Amino acid sequence: EDTSKKRPWREMSAAEASQHGSLLAVASMLEYTRDFMLPRFEEVCKAALKMTTHSKALIRLEVVRLLPRLARRCPQVFGRRYLEDSLDFLMNSASTPTGPRVGVDLQPFAYSSLGQLILAMVDEETGQVIGGENLPTLKFIEDVDTGGEIVEMRKCGIIYEELAKIFSLVQKGLRNAKTTRPAQLCAASLVEALGDLAVPYLSGLIDDMFQGGLSNGLIECLQSIAEYAPEQQNEIELRILRGVSKCLAGNDNGFDPLASFQASVHRAEQGTPTIDVASSRRETQLTQESLSGKKPSVEVDLSKSININK
C-alpha cells in the first residue's frame with residue numbers, strides 16, 4: 001500500500017529508494033540467474049503489480065520495464081494470472097500524457113514494453129500468442145476474502161479482445177513525434193508476435209509509420225514486418241520508394257514525384273502526350289507573377305509545353 005502521504009519526507013525518501021532498488025535487483029536476477037526466481041515468481045509479480053499505482057513516476061517506470069521480463073521468464077503462469085492487469089497498466093501508461101511537472105516520461109517506455117510484453121507471450125512450443133486466441137480462456141483471480149483463487153472463463157484471450165485498442169494506440173503513438181520511434185518498435189513486435197492476426201490492422205499502420213520520415217530505425221522495423229507479414233512487402237517497398245523519391249527531389253510540400261512519374265509512364269503507354277511537371281509548375285508560377293504585376297524572373301512562352309514522348 002502506498003502510504004507516502006502519511007509519512008515524513010525523510011522516511012518517504014528512504015522507502016522509495018528501497019522500492020526502486022528492489023525493482024532493479026529483480027530485473028538483474030531475471031536476466032542473470034535463469035530459473036532462480038521461479039520459486040518466488042508469483043510473489044514477485046504480485047509485488048510489482050501493486051506498485052503500478054505508486055505516486056512516484058520513477059517507481060512506475062521500473063515496473064513498466066520489468067513486466068515484459070517477468071512475462072518472458074514464465075509466460076504460461078504470467079498469462080493466466082497477471083497478463084490482463086499488466087496489459088491495462090501499459091496501455092494506460094502509453095495513452096496518458098506526462099504532466100508538465102513530472103520529470104520522468106513513461107509514454108515512450110510504455111510503448112516499447114507493450115510490444116515486448118506481447119512478444120514475450122509467444123509459446124515456444126506452439127508458436128501461438130498466449131491470450132491471443134479467439135477461444136475460451138481460463139483466468140485465475142485472487143480471492144481477497146479467503147486468500148484462495150477464483151477461476152474465471154473468458155470468451156476469448158485478453159490480447160485478442162484488445163487487439164483493436166492496441167493497434168489504435170500504436171497508430172496514435174506513431175503520429176506523436178515524442179513516441180514515434182518506440183511506437184515503431186512496438187508495431188514491429190506486434191506483427192512478429194501476432195502474424196496473421198495483425199494483418200487486418202496493417203494498412204493504416206504502415207502509412208503512419210512514415211510520419212517521422214525515413215530513418216534506419218524505420219527501415220529495420222519495416223524489414224521485420226515484411227518478414228512476418230509477407231503480403232505487405234509490396235506496399236512497404238512502394239512506400240519506401242515514394243519516401244526516397246521525395247528526399248531526392250528535395251520536396252516536402254506534398255508533391256509526390258513518384259506518383260507523377262507513374263502517371264507520366266501510364267500516359268506514355270496510352271499514347272497520350274505528357275507534360276514535364278517541373279516546367280509546368282514553373283510556368284504557373286510565372287503566370288501568377290505576371291498577373292500580380294510583378295516582373296517575371298524569366299521570359300518564357302507560356303503557350304509551349306514539353307512533350308516527353310518526342
Side-chain angles (χ1 to χ4, degrees), residues 64-65 67-69 71-72 75 79 83 86-87 90-91 93-95 107-124 126-134 157-248 256 258-259 262:
V64 166
R65 290 171 167 170
L67 289 176
R69 301 179 186 182
R72 198 177 301 116
L83 177 59
S86 300
L87 199 59
L90 292 179
M91 291 177 67
S93 298
S95 61
Q107 275 191 296
F109 297 97
Y111 274 106
S112 298
S113 290
L114 179 61
Q116 292 170 12
L117 174 65
I118 295 179
L119 190 58
M121 299 311 298
V122 177
D123 191 318
E124 293 183 357
T126 64
Q128 301 296 315
V129 177
I130 299 170
E133 304 90 354
N134 187 18
I158 182 61
I159 293 177
Y160 184 88
E161 183 178 321
E162 299 290 338
L163 273 182
K165 292 181 181 179
I166 292 172
F167 278 98
S168 176
L169 179 62
V170 173
Q171 285 187 279
K172 183 179 178 181
L174 290 169
R175 300 182 187 124
N176 185 346
K178 182 178 65 175
T179 56
T180 297
R181 176 57 179 159
Q184 289 173 349
L185 293 171
C186 181
S189 296
L190 289 174
V191 176
E192 181 178 350
L194 298 169
D196 292 340
L197 287 175
V199 171
Y201 306 94
L202 292 184
S203 57
L205 186 73
I206 291 175
D207 285 337
D208 288 333
M209 291 184 74
F210 286 84
Q211 291 286 337
L214 293 177
S215 65
N216 290 334
L218 172 63
I219 301 301
E220 292 174 0
C221 292
L222 292 174
Q223 285 177 334
S224 177
I225 292 175
E227 178 180 354
Y228 293 97
E231 61 275 8
Q232 299 297 318
Q233 183 170 345
N234 290 338
E235 175 65 20
I236 290 172
E237 290 176 349
L238 181 62
R239 292 293 284 108
I240 292 176
L241 182 58
R242 180 172 289 119
V244 171
S245 65
K246 286 186 177 182
C247 290
L248 294 176
D256 190 342
L258 178 60
Q262 290 174 326

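Everything numeric in this text was worked out from a predicted model, so none of it was measured.
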Is a side-chain N or O of S189 found less than 3.5 angstrom from the main chain of L119, in a donor-acceptor match?
no

Check: S245 side chain, R242 main-chain N or O, donor-acceptor pair, under 3.5 Å
yes

Please give me the minimum heavy-atom distance between G115 and C186, naming the atom from each residue.
N-SG, 3.6 Å

Taking S168 for its side chain and A164 for its backbone only, find out whether a donor-acceptor pair lies under 3.5 Å.
no

Under a 4.5 Å cut-off applied to non-hydrogen side-chain atoms, are I159 and L197 in contact?
no

Heavy-atom closest pair (E133 atom, Y160 atom, distance to 0.1 Å) is O-CB, 3.7 Å

In chain order, what residues pass the salt bridge (charged side-chain N to carboxylate O under 4.0 Å, His left out) check against E192, with sequence neighbours excluded?
none

Between I118 and V129, the two heavy atoms sitting closest are O-CG1, 4.2 Å

A229 versus L202, closest heavy-atom pair with distance
CB-CD1, 3.9 Å

Are L117 and L83 side-chain neighbours, meaning at least one heavy-atom pair lies under 4.5 Å?
yes

Taking the side chain as C-beta and beyond, is there a heavy-atom pair between Q184 and S224 under 4.5 Å?
no

Could you tell me the separation between the CG atom of L185 and the CG atom of L114, rounded to the nearest 0.5 Å?
12.0 Å

Take a 6.0 Å sphere around NZ of K165 and say whether it holds more than 12 heavy atoms from other residues, nucleotides or ligands.
no

Report yes or no: does Y111 contribute a side-chain atom to a donor-acceptor pair with the main-chain N or O of L169 at less than 3.5 Å?
yes

How far apart are the closest heavy atoms of P108 and K178, and which atoms are they?
CG-O, 4.1 Å

Under 3.5 Å, is there a donor-acceptor pair linking the side chains of E227 and Q223?
no

Between A94 and Q107, which heavy-atom pair has the shortest distance, and what is it?
O-NE2, 2.8 Å

With side chains defined as the heavy atoms from C-beta onward, is the minimum distance between L190 and L205 less than 4.5 Å?
no

Using side-chain heavy atoms (C-beta onward) and a distance below 4.5 Å, is V170 in contact with D208?
no

Pairwise side-chain contact, E235 with D207, heavy-atom cut-off 4.5 Å (strictly under):
yes

How far apart are the C-alpha atoms of Y201 and L194, what are their side-chain angles, what is the distance that settles it, and do they pass the side chain to side chain contact (heavy atoms under 4.5 Å, CB included) test?
CA-CA 11 Å; Y201 306 94; L194 298 169; over 6 Å; no

Checking N176 against Q211 for the side chain to side chain contact (heavy atoms under 4.5 Å, CB included) test, could you report, in this order, the C-alpha distance in whole Å, the side-chain angles of both residues, the deciding distance, and whether it holds?
CA-CA 9 Å; N176 185 346; Q211 291 286 337; over 6 Å; no

Under a 4.5 Å cut-off applied to non-hydrogen side-chain atoms, are L218 and I240 in contact?
no

Test item: R181 side-chain N/O and G217 main-chain N/O as donor-acceptor pair under 3.5 Å:
yes

M209 side chain near I225 side chain, heavy-atom distance below 4.5 Å
yes

